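Okay, so here's the structure we're looking at.
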Amino acid sequence: MFIRRYSVFFSLFLLLLSLGAVFAFLTSAKRSVTVEQCEKLGFPVLLIETDNNSPIKRKDKYVKASYSFGEFSGRCKIRGHGNSTWKTPLTQKKPYLLKLDEPRPLAGFPSSQKWILMANALDRSMLRNYYAEHLAHTVWDRMPWTPSSEFITLFVNGKYLGLYGLTEKIDITENRISFAGEGFLAEIDSHDGRPHSFRGIDGLDFHIRQPESSEENYVRWAEKILELEHILYSDDSIGHRRHFDEASFVDWYLLAEFSKNYDAKFYNSVFMTYDYGREKLFMGPAWDHDIAFGNTAKGSTGCAGGYTSLLSDSVWISHFHSFDPEENSTAAKDAEGFLINQDYWYNKLFGDDQFVRAVKERYWETRPALEESLVWLKAQADRLTEAAELNDSVWHIIGSSVWPRAPGYRTRKTYQSETDYLIQWCENRMHWLDTVFLE
């Protein structure tokens with residue numbers, strides 16, 4: 001009995017010792033990277049010094065700090081940000097929300113107080129969010145507004161935290177989302193505890209994000225979304241055309257379908273705005289592509305929660321003559337098959353011949369720009385290589401089992417192998433979409 005207890009104690013001691021060694025290594029690695037070393041890599045450096053060196057441990061409480069970024073410096077506050085990326089114990093690299101005391105035009109973007117420091121900790125290429133933004137600005141650009149990002153190096157209290165994306169926050173402000181008169185920002189998001197939440201007619205979890213207003217207005221805005229849902233699902237197959245902005249719905253769809261974004265399957269981070277002045281619902285901004293572009297092990301993701309597809313196989317075949325519904329892969333990891341139009345709103349929209357024609361025509365129109373975007377993506381991968389390798393020397397994400405685990409992740413041991421995988425997946429995805437949209 002004594003020997004058995006000693007063996008258990010000794011095993012536990014070795015485990016604690018190894019964890020301590022890992023922690024010590026990470027701490028020393030972060031301290032050993034200097035600002036001068038990072039500046040030579042060509043990316044701007046953001047320095048954050050919290051008051052009394054206070055750690056940033058919570059999403060619901062700001063820590064007061066000072067910042068320095070190029071020509072700008074001053075006081076700020078910083079707290080945690082995100083959902084899965086903040087909560088997961090599998091990676092210690094965290095995203096943050098930075099709030100400046102005074103609005104500033106950081107990285108050449110329009111002046112604002114609030115900025116997201118995107119960790120990209122679940123994306124071994126660190127390029128998926130950045131590429132999606134590029135597509136929304138240069139290819140499928142008919143959403144009212146889409147955030148922009150620039151890569152920076154982040155230091156907090158003298159410690160190197162790695163390569164981050166300095167990203168515009170989704171906000172109703174003059175330089176971001178704006179309306180001529182009244183309007184609101186809504187989101188479909190499955191996470192619990194969201195304020196001003198309500199359930200749609202198909203069980204979708206909506207909440208009103210902005211603006212801050214009275215409870216009466218929140219109720220009225222929720223009723224507007226429900227009213228539009230009832231119109232979409234009514235017997236009037238074209239009633240939605242009067243209320244849904246077709247251009248933004250088409251472009252949001254093409255970005256979500258090309259990237260095969262699992263969250264965009266009306267699950268998380270699906271944003272929309274309603275403009276009372278134009279009496280239209282607009283899709284976007286596009287957001288959150290960490291587990292898009294093949295960065296997931298997700299298998300079949302067919303109709304959600306018992307929901308039944310509104311469209312028969314014969315309807316799919318009539319729209320896409322080369323498409324075989326029985327062989328259609330809804331796996332988010334695969335570069336073939338549909339995903340976004342398999343249920344909920346887009347399944348209903350694909351029952352409208354005019355909407356399907358609009359999707360095909362827009363894909364045909366933007367196809368040259370999409371192919372050009374892959375050249376841009378390769379150039380960005382080359383530009384990031386040294387900084388990304390330095391980032392990984394601290395966080396050790398490449399080749400690890402950190403979720404999400406895209407197929408073949410164990411065999412990809414270098415940053416280039418990860419970007420090669422991303423680019424190849426996108427090329428394969430584009431060629432598959434060619435077969436159904438360019439018939």
Side-chain angles (χ1 to χ4, degrees), residues 140 143 186-190 199-206 225-272 281-284 286 292 298-332 334 336-363 429 432-433 435-437 439:
W140 299 305
M143 287 171 275
E187 180 186 9
I188 297 172
D189 191 290
S190 65
R199 186 65 59 85
I201 63 175
D202 275 324
L204 293 171
D205 294 309
F206 291 88
I225 294 290
L226 294 173
E227 173 193 340
L228 296 175
E229 273 207 306
H230 280 287
I231 291 171
L232 177 63
Y233 287 109
S234 71
D235 293 335
D236 181 1
S237 61
I238 63 172
H240 61 275
R241 295 180 189 173
R242 298 189 297 271
H243 305 280
F244 288 50
D245 176 70
E246 182 178 86
S248 65
F249 269 79
V250 167
D251 279 20
W252 186 95
Y253 167 75
L254 284 170
L255 174 56
E257 192 70 85
F258 171 66
S259 62
K260 221 167 185 184
N261 185 2
Y262 180 77
D263 279 339
K265 192 176 163 66
F266 276 40
Y267 183 62
N268 283 327
S269 303
V270 177
F271 289 96
M272 60 197 71
L281 183 72
F282 297 81
M283 281 301 285
K298 295 283 185 184
S300 176
T301 56
C303 298
Y307 182 87
T308 302
S309 174
L310 298 169
L311 304 182
S312 66
D313 286 357
S314 62
V315 172
W316 284 113
I317 294 170
S318 70
H319 285 326
F320 311 105
H321 302 299
S322 63
F323 176 72
D324 186 346
E326 293 185 0
E327 295 184 1
N328 178 41
S329 170
T330 59
D334 294 338
E336 302 81 25
F338 284 124
L339 176 66
I340 305 301
N341 59 19
Q342 295 301 286
D343 52 10
Y344 297 126
W345 288 14
Y346 276 96
N347 192 263
K348 175 64 175 177
L349 288 169
F350 267 70
D352 177 4
D353 291 345
Q354 176 177 299
F355 187 80
V356 175
R357 282 197 304 272
V359 168
K360 289 182 176 182
E361 289 171 1
R362 182 62 170 162
Y363 184 78
R429 182 66 174 157
W432 185 85
L433 291 175
T435 66
V436 291
F437 288 151
E439 299 174 300

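None of the values given here were measured: they were computed from a predicted structure.
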Review point. Does a side-chain heavy-atom distance below 4.5 Å link Glu336 with Thr435?
Key: no
Please check: side-chain N/O of Glu229 versus main-chain N/O of Ile201, any donor-acceptor pairing under 3.5 Å? yes
Distance col, row Leu433:CG vs Phe258:CZ, nearest 0.5 angstrom, shows 7.5 Å
Worksheet item: Val270 and Trp252: side-chain contact (heavy atoms from CB on, under 4.5 Å), yes or no, with the steps?
Response: CA-CA 10 Å; Val270 177; Trp252 186 95; 3.8 Å; yes
Steps toward side-chain contact (heavy atoms from CB on, under 4.5 Å) verdict (Asn341, Trp316): CA-CA 11 Å; Asn341 59 19; Trp316 284 113; 3.5 Å; yes
Taking the side chain as every heavy atom from C-beta outward, state whether Phe249 and Tyr346 have any atom pair closer than 4.5 Å. yes
By salt bridge (Lys or Arg N to Asp or Glu O under 4.0 Å), Glu257 pairs with (sequence neighbours left out) Arg429
Any donor-acceptor N or O pair under 3.5 Å, side chains Ser269, Asp263
no
> Does any non-hydrogen side-chain atom of Leu349 lie less than 4.5 Å from one of Leu232?
Replying inline: yes
Indicate yes or no for a side-chain donor-acceptor contact from Lys260 to the backbone of Asp334 under 3.5 Å, with no hydrogens or angles considered. yes
Exercise. With no hydrogens and no angle check, do the side chains of Asn268 and Tyr262 hold a donor and an acceptor under 3.5 Å apart?
Worked result: no
Distance col, row Phe244:CZ vs Ile231:CD1, nearest 0.5 angstrom, shows 7.5 Å
Problem - Under 3.5 Å: donor-acceptor pair, side chain of Lys265, backbone of Gln342 - result: no
Contact check, side chains of Arg362 and Asp251, non-hydrogen atoms, under 4.5 Å: yes
Rounding to 0.5 Å, atoms CD1 (Ile340) and CG (Asn261) come to a distance of 6.5 Å
One should read off an interatomic distance between Asp205 CG and Tyr267 OH, to the nearest 0.5 angstrom, of 9.5 Å
- After noting the C-alpha distance and the side-chain angles of Phe271 and Met143, does the key distance pass the side-chain contact (heavy atoms from CB on, under 4.5 Å) rule? CA-CA 11 Å; Phe271 289 96; Met143 287 171 275; over 6 Å; no
Please tabulate, for the side chains in residues 353-361, all donor-acceptor contacts under 3.5 angstrom to protein atoms that are two or more places apart in sequence or on a different chain.
{"from": "Gln354", "atom 1": "OE1", "to": "Arg241", "atom 2": "NH1", "distance (Å)": "3.1"}
{"from": "Gln354", "atom 1": "NE2", "to": "Glu246", "atom 2": "OE2", "distance (Å)": "3.3"}
{"from": "Lys360", "atom 1": "NZ", "to": "His319", "atom 2": "O", "distance (Å)": "2.4"}

Notebook entry, point to check: Is there a donor-acceptor pair closer than 3.5 Å between any side-chain N or O of Asp202 and the backbone N or O of Leu204?
Noted result: no
Report task. Quick one: do Lys348 and Tyr233 satisfy side-chain contact (heavy atoms from CB on, under 4.5 Å)? Show the steps, please. Result -> CA-CA 7 Å; Lys348 175 64 175 177; Tyr233 287 109; 4.1 Å; yes
Taking C-beta and beyond as the side chain, do Tyr253 and Trp345 meet within less than 4.5 Å on heavy atoms?
no
Subject >> Non-hydrogen side-chain atoms of Leu281 and Ile225 separated by less than 4.5 Å >> reply: yes
key: Geometric class of the Phe338/Phe437 ring pair [parallel <30°, tilted 30-60°, perpendicular >60°]   = tilted
(message) Testing the 3.5 Å rule here: is there a donor-acceptor pair between the side chains of Asp245 and Ser248?
(response) yes
Could you check whether any side-chain heavy atom of Asp313 comes within less than 4.5 Å of a side-chain heavy atom of Val315, counting everything from C-beta outward? no
For residues Pro325 and Phe323, determine if any side-chain heavy atom of one lies less than 4.5 Å from a side-chain heavy atom of the other.
yes
